[in-house]
4 protein chains.
Amino acid sequence: MQTSWEEPPERGRPRRSGADEAILKASRELMFEHGYAGFSMDEVASRAGVGRQSVYRRWPSKAALVVASMTWTFDSPDVFKDTGSFEGDLRAGLAIMRDLYGQSSTDIFGDVYFAMASDSAARELFNRNYVAPRRESLARAIERAIARGELREETDAVIVSDMVSGPFLYRILIGDYELNDSLVNAIVEGVIKVFGTGQTTDVVTPPSGT
Amino acid sequence: MQTSWEEPPERGRPRRSGADEAILKASRELMFEHGYAGFSMDEVASRAGVGRQSVYRRWPSKAALVVASMTWTFDSPDVFKDTGSFEGDLRAGLAIMRDLYGQSSTDIFGDVYFAMASDSAARELFNRNYVAPRRESLARAIERAIARGELREETDAVIVSDMVSGPFLYRILIGDYELNDSLVNAIVEGVIKVFGTGQTTDVVTPPSGT
Amino acid sequence: MQTSWEEPPERGRPRRSGADEAILKASRELMFEHGYAGFSMDEVASRAGVGRQSVYRRWPSKAALVVASMTWTFDSPDVFKDTGSFEGDLRAGLAIMRDLYGQSSTDIFGDVYFAMASDSAARELFNRNYVAPRRESLARAIERAIARGELREETDAVIVSDMVSGPFLYRILIGDYELNDSLVNAIVEGVIKVFGTGQTTDVVTPPSGT
Amino acid sequence: MQTSWEEPPERGRPRRSGADEAILKASRELMFEHGYAGFSMDEVASRAGVGRQSVYRRWPSKAALVVASMTWTFDSPDVFKDTGSFEGDLRAGLAIMRDLYGQSSTDIFGDVYFAMASDSAARELFNRNYVAPRRESLARAIERAIARGELREETDAVIVSDMVSGPFLYRILIGDYELNDSLVNAIVEGVIKVFGTGQTTDVVTPPSGT
DNA sequence: TCGTAATCGAGACGGTACGTCAAGTCTTGAA
DNA sequence: TTCAAGACTTGACGTACCGTCTCGATTACGA
């Protein structure tokens with residue numbers, strides 16, 4: 001996965017290997033300890049054992065670094081893997097998301113969305129490295145489902161994406177409620193009832209739960 | 001609607017009438033122009049034609065002011081009004097939300113959620129003045145629907161809230177897509193198919209639209 | 001003596017009295033300890049017990065502060081006092097300059113001239129507060145001397161100024177030699193022989209010495 | 001004239017011929033354009049079409065390079081040539097200095113003196129390559145004048161040097177006035193009246209001018 | 001009518017972080 | 001060993017802005 005915003009040049013002294021990762025790691029630690037505010041580039045650099053300029057060489061701003069480090073932390077390349085049925089794919093993906101977000105504090109995500117919103121370089125990084133892969137993973141699952149006859153041909157992948165990820169995001173950002181199976185079930189049921197053909201594959205999907 | 005965090009004292013020179021509103025308005029303008037970053041208390045004060053202390057006298061921090069001003073801007077007390085049928089209530093409410101958020105830039109909301117995340121006083125204010133009224137409005141619509149026999153008795157208002165607001169928020173924060181009727185239709189259909197009894201009232205609900 | 005570059009405004013909270021002086025003093029200390037390089041605004045502020053912004057509020061740049069503090073340190077309002085004869089005035093002034101510069105390290109002056117040269121605000125400050133008063137003091141002494149008949153009417157004050165201060169400056173900046181009486185004598189003799197009328201007042205001037 | 005601080009080694013790839021000069025030239029250009037501040041080794045290197053290390057291989061520090069380049073620029077080996085009379089020698093030398101410094105901006109010299117003050121290696125270089133040759137040239141002129149009977153035997157060359165160069169330096173650093181013939185005349189007259197024997201050679205010295 | 005109390009605009013205050021810049025050193029592959 | 005290129009650490013610069021404090025002036029109410 002590519003993390004920094006720009007390719008390093010090919011001539012001159014090569015970048016110190018491992019520095020990227022050290023910075024991302026230090027950045028993550030500080031995010032979990034102090035959040036976006038109370039997180040300083042100085043501190044990141046010194047924890048990563050790196051000069052400050054080396055941080056700015058890789059990411060153009062604090063916001064971009066934060067987004068990159070969170071993207072790197074919550075990365076999971078193919079969320080909606082092929083389990084044999086669309087409902088299975090969906091449940092597997094939602095389980096991953098639940099485990100990923102469920103264990104973290106709410107504040108982190110507000111901070112990430114803030115960083116994203118307030119910096120265009122950060123936004124681009126976030127869309128490229130985080131949102132796009134998830135959308136594509138879901139789009140592939142939808143294509144498989146259409147091929148299997150589980151979903152209707154005109155199924156709008158963008159809307160499905162909104163219906164799947166939206167409630168999660170909303171509960172994380174706003175809710176005082178945990179990410180539980182009831183929510184997952186409602187989401188799965190909603191998507192399938194709205195876009196489904198009524199036909200399911202013979203892979204028996206469990207009625208609830210991970 | 002109450003905006004500032006604390007009641008003014010009753011003795012001494014009374015507060016300048018109109019100052020609250022001038023500050024909120026200046027605050028809103030700056031949010032729309034520059035977002036949370038690139039928004040300074042100094043600028044707010046000078047735009048509102050007010051000393052800086054007068055701002056801090058009314059709101060304890062930048063985050064609190066931002067939340068207050070956004071709450072004030074996007075206020076709409078009873079979103080899900082009684083139209084005679086649950087589907088009608090839902091569509092009416094979603095239409096309000098679509099019109100409200102649809103016209104704003106994406107960035108504003110990331111910023112508001114950040115302000116919320118980074119300041120517990122602000123979060124309380126936001127939940128009290130913004131989220132709670134919407135949830136209660138939806139809860140009342142759900143109760144009406146249960147009474148009419150449109151939704152099942154065990155319908156979980158929190159999950160419905162997540163399913164309704166979540167996709168909107170997601171599309172606003174992430175999406176490059178507009179808030180359109182397809183999304184509204186999918187949300188309505190999803191909620192009704194998951195929690196509905198199959199029975200509808202004889203009030204004809206329009207197939208789409210505002 | 002006015003030290004900072006601009007008058008403080010008359011409204012709002014007044015500037016902390018004594019802060020100017022504390023900053024100049026801290027600045028002087030650091031100059032004598034470390035010179036211009038190895039002198040940081042941060043250190044000045046912290047030594048003066050003052051926020052950094054309070055320093056920049058008073059002087060627009062490091063260079064301006066250094067010049068101001070040196071000007072303040074080496075201030076001596078009326079160098080060429082009236083002693084009754086031009087030669088006396090000149091010797092008195094040169095004695096002051098010798099004592100002032102003779103005891104300091106060479107480097108300080110290089111630094112001051114550098115700061116002056118590299119910053120126009122600093123240059124203006126230096127000219128206004130340091131060079132001009134000395135020139136005027138000398139100009140007055142010359143006028144007295146012309147009135148007494150000691151110097152010719154067409155005596156050019158600027159050239160006299162160059163002939164008096166120049167050799168001092170040169171020896172301070174370049175020379176490895178101390179500021180001694182031989183130099184003072186030569187300067188005095190030179191000026192009087194070039195611009196004098198040949199007539200002296202009856203105040204007997206000693207042939208050499210302080 | 002030797003410019004760099006150390007002899008190149010004799011083995012390995014030989015240094016690129018012309019690089020020394022290219023660096024000095026780039027250095028001079030930048031000094032005239034931006035002064036000491038706003039002059040960076042990076043910029044020097046890139047203007048000279050040279051790697052940064054190649055600059056540091058030749059001069060140990062920025063200060064040393066600046067002094068070297070200024071020395072190289074204002075080089076004029078034998079300033080006070082033998083014209084047949086002391087006054088002639090003096091006038092010839094002062095004319096050279098006037099032409100040399102008169103055309104430059106004031107700031108350059110403050111900067112050079114600073115570079116000198118802040119770096120002992122640079123100071124040594126400056127004294128060796130710039131100040132010393134001028135002093136020796138003047139000292140030779142003085143010896144010739146003593147031999148001719150124009151100056152008294154006990155004439156102190158150091159003081160003469162101060163009296164000659166000081167006013168020039170002072171006017172360059174401080175003055176807002178140009179280097180003109182009045183100053184030159186006053187200097188010449190001063191030196192001759194203070195240290196002269198009263199006797200002049202029969203070489204007619206022109207009353208003023210280059 | 002006067003004092004008390006809280007307001008007002010203005011702006012200084014200490015503090016903290018930002019992002020930039022430059023110095024001088026180190027490391028690459030190629031010559 | 002040099003070369004050009006460019007990474008590296010270090011540290012200061014000047015700016016911005018937060019939230020607090022302080023000034024003189026103003027405005028109400030109550031004794």
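Reminder, nothing fancy here: chain letters follow the sequence lines and each chain counts from 1.
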Participant: Could you tell me the separation between the CD atom of B:Gln53 and the P atom of F:dC21, rounded to a whole number of Å?
Facilitator: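 Answer to the nearest Å: 9 Å.
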Participant: Give the nucleotide from the list F:dT20, F:dG14, F:dA28 with an atom nearest to the side chain of C:Lys62.
Facilitator: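 Per side-chain heavy atoms of C:Lys62, the pick is F:dG14.
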Participant: Between atom CE in D:Met41 and atom C1' in E:dT25, what is the gap in whole Å?
Facilitator: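 Answer to the nearest Å: 12 Å.
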Participant: With a 6.0 Å cut-off (strictly less than), is the heavy-atom count around CD of D:Glu33, excluding the residue itself, greater than 12?
Facilitator: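 Atom CD in D:Glu33 is packed in, count exceeds 12.
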Participant: Round to a whole Å and report the spacing from CZ of C:Arg57 to C1' of F:dT22.
Facilitator: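 Nearest whole value for this atom pair: 13 Å.
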Participant: Would you mind reading off the distance between C:Arg52 atom CZ and F:dC17 atom P, rounded to a whole angstrom?
Facilitator: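 Interatomic distance, CZ of C:Arg52 to P of F:dC17: 16 Å.
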Participant: Measure the distance from CG on B:Asp42 to C1' on E:dG9 and round it to the nearest whole Å.
Facilitator: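 Rounded to whole Å, this separation is 12 Å.
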Participant: Whole-Å distance between F:dG6 C1' and A:Arg58 CZ?
Facilitator: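 In whole Å, F:dG6 C1' lies 12 Å from A:Arg58 CZ.
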Participant: CD of D:Glu43 versus P of E:dC21: gap in Å, rounded?
Facilitator: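 Distance, rounded to whole Å: 12 Å.
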Participant: For the side-chain contact (heavy atoms from CB on, under 4.5 Å) test, which of D:Asn129, D:Val67, D:Leu24 pairs with D:Trp72?
Facilitator: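 The option that passes is D:Leu24.
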Participant: Is the shortest distance from a Lys or Arg side-chain nitrogen in C:Glu43 or C:Arg47 to a carboxylate oxygen in the other one below 4.0 Å?
Facilitator: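 Yes, charged N to carboxylate O under 4.0 Å.
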Participant: Mark yes or no for a side-chain to base donor-acceptor pair under 3.5 Å between C:Arg13 and F:dC21, with no hydrogen or angle criteria applied.
Facilitator: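 Indeed there is one.
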Participant: Could you state the atom-to-atom distance from NE2 of A:His34 to C1' of E:dT16 in whole Å?
Facilitator: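 Atom-to-atom, A:His34 to E:dT16, this comes out as 14 Å.
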Participant: Nearest-nucleotide wise, let me know which of C:Arg11 and A:Pro14 is further upstream toward the 5' end of DNA chain F.
Facilitator: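 First, find each residue's nearest nucleotide; the 5'-ward one identifies A:Pro14.
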